[in-house]
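Just so it is clear: chains get the letters A, B, ... in the order the sequence lines come, proteins before strands, and each one is counted from 1.
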Protein chains: 2
Amino acid sequence: MDVVLLTLQEGQLQVLLLKREREPFAGALALPGGYVHEQEDQDCADAAQRVLRDKLGLQSPYLEQLASFSGPGRDPRGWSVSVAFFALVPALADLPPGAQWRPVNRLPTLPFDHGSIVAAALERVRSKSQYSSLPVHLCPEPFTLPQLQAVYEALLGESINAVSFRRKMDELDVIEPIPGAKSSGGAHRPAQLYRVRGEFRERLRVVGRGLKA
Amino acid sequence: MDVVLLTLQEGQLQVLLLKREREPFAGALALPGGYVHEQEDQDCADAAQRVLRDKLGLQSPYLEQLASFSGPGRDPRGWSVSVAFFALVPALADLPPGAQWRPVNRLPTLPFDHGSIVAAALERVRSKSQYSSLPVHLCPEPFTLPQLQAVYEALLGESINAVSFRRKMDELDVIEPIPGAKSSGGAHRPAQLYRVRGEFRERLRVVGRGLKA
DNA sequence: ACAATAGTGTCTGTCAGACAATATACA
DNA sequence: TGTATATTGTCTGACAGACACTATTGT
């Protein structure tokens, strides 16, 4: 079981890597992962949350199964299967020792088939960003619509029409304005602050027609 | 490892069930499945193809990983994980003894969590039918455009505008007309016969904007 | 010629994107 | 009041769906 934990920092999508303590590949940076504990875990998703909690001290409201990776070559110890998940979190304050964020477009060569797993996660996340509310899970609350739009743009790698973006967010109906709360600071009109509606903290909503074709 | 093998018969989506020979649930109808053979199988998809070949004597050009299912309750023998796949084939001539097609909307209660696995497969197939070439794998070649449209309509459960359908197939560019080949038989204009273009036998193509929103 | 289905041309409503106008903060 | 960004209003082009027309077979 492996987890691709993603966040957005400095306008860049970043993946969390952990220095491995045991062989094989001790000392190398790799995805957080572990084995299922049959006594504790109700399923593999449970195991993924447990790994995030134990190794990083965090819970991820949004966790989605990515795919399973299997074969004789992925682990030097022999034939293996791993169920991979991905999780999205807002930028974190501090990380435990041995953990670090790495921008996804400048990753070191990863052990096992973790490179392929990250690639699959990126493809899934970018694809779903086109037609779902998935990116809201990367945005620290409360957030403004322009901030959220910047998150979408970072993921999609292209600029989005602001009018279309507002219409789409309205249609998705996943975020709600916080009554009376406005951003402040700049020498300009403040923006309405929003939060994710409770029922979509752990789920997402899709629309038929996405932001881009 | 379990496989949801789907076909279209009598305008109905059907799933292949196999009478189990061993415990648990010996005698019950269940999805074809089996364990990975580490010597033979390069990965779980390989194992799925091997099961289809050994138990049903067929190869499925299109096979897609669905998801993994895990937990303590899915198998009476204890905690287990299964990587599920789904495959699409045109209607088959004959089945080995113990195997039968069952319409997906009138399934018996299935052992293990095979009911959930089938449900997940149906959701995936129906969803992808909206915006991809996936349904062509259910159509026996050669086929006419009206025949293919009927397959899409059976999957989506609603009628499709014929003009839009032609435009969409043209855009997908996954099928090609067979030069000089026309359907025959009816007392009406014959239809152009098509086949799947070689490079899309095992893959599919998606479009941004689907057939329905 | 008629019946029946295949395939095409064209119009129209809908919706994403462009552009412009308005709103509201701080300096 | 000026500047900068937020937010809204309106127009326009592209495209899915509707409809009507043409094409081609067997009877």
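Checked against side-chain hydrogen bond (donor to acceptor under 3.5 Å, both in side chains), A:Arg102 has the following partners two or more places apart in sequence or in another chain: A:Gln100. Taking the side-chain hydrogen bond (donor to acceptor under 3.5 Å, both in side chains) definition, one finds that A:Arg201 meets it with A:Glu141, sequence neighbours left out. For B:Gln49, there are no side-chain hydrogen bond (donor to acceptor under 3.5 Å, both in side chains) partners, not counting sequence neighbours. For B:Glu176, the salt bridge (Lys or Arg N to Asp or Glu O under 4.0 Å) partners are B:Arg195, not counting sequence neighbours.
Distance B:Glu158 CD to D:dG17 C1': 13 Å, rounded to the nearest Å. Here D:dA16 presents its P atom at 17 Å from OH of B:Tyr131, a figure rounded to the nearest Å. Following rounding to the nearest Å, B:Phe143 (CZ) and C:dT5 (P) show an atom-to-atom distance of 21 Å. At whole-Å resolution of the value, CD in B:Gln149 and P in D:dG17 are 11 Å apart. Between the CD atom of A:Glu171 and the C1' atom of C:dT14 there is a distance of 12 Å, rounded to whole Å. Atom C1' of nucleotide D:dA16 and atom CD1 of B:Ile160 are separated by 12 Å, given to the nearest angstrom. The CE-P distance, from B:Met169 to C:dG7, rounds to 14 Å in whole Å.
A close approach under 4.0 Å does occur between a side-chain nitrogen or oxygen of A:Asn161 and OP1 or OP2 of C:dA18.
Looking at A:Ser183, its side chain never comes within 3.5 Å of a backbone N or O of A:Pro190 through a donor-acceptor pair.
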Seminar exercise, completed: Per-nucleotide protein contact along nucleotides 3-11 of chain D, 5' to 3', at a 4.0 Å heavy-atom cut-off (B base, S sugar-phosphate only, - neither), is BBBBSBB--
Output a table of donor-acceptor pairs, distance under 3.5 Å, between side-chain atoms of residues 112-121 of chain B and any protein atom two or more places apart or on a different chain; print 'none' if there are none.
{"from": "B:Asp113", "atom 1": "OD1", "to": "B:Arg74", "atom 2": "NE", "distance (Å)": "3.2"}
{"from": "B:Asp113", "atom 1": "OD1", "to": "B:Arg74", "atom 2": "NH2", "distance (Å)": "3.1"}
{"from": "B:Asp113", "atom 1": "OD2", "to": "B:Arg74", "atom 2": "NE", "distance (Å)": "2.9"}
{"from": "B:His114", "atom 1": "ND1", "to": "B:Leu31", "atom 2": "N", "distance (Å)": "3.1"}
{"from": "B:His114", "atom 1": "NE2", "to": "B:Asp2", "atom 2": "OD1", "distance (Å)": "3.4"}

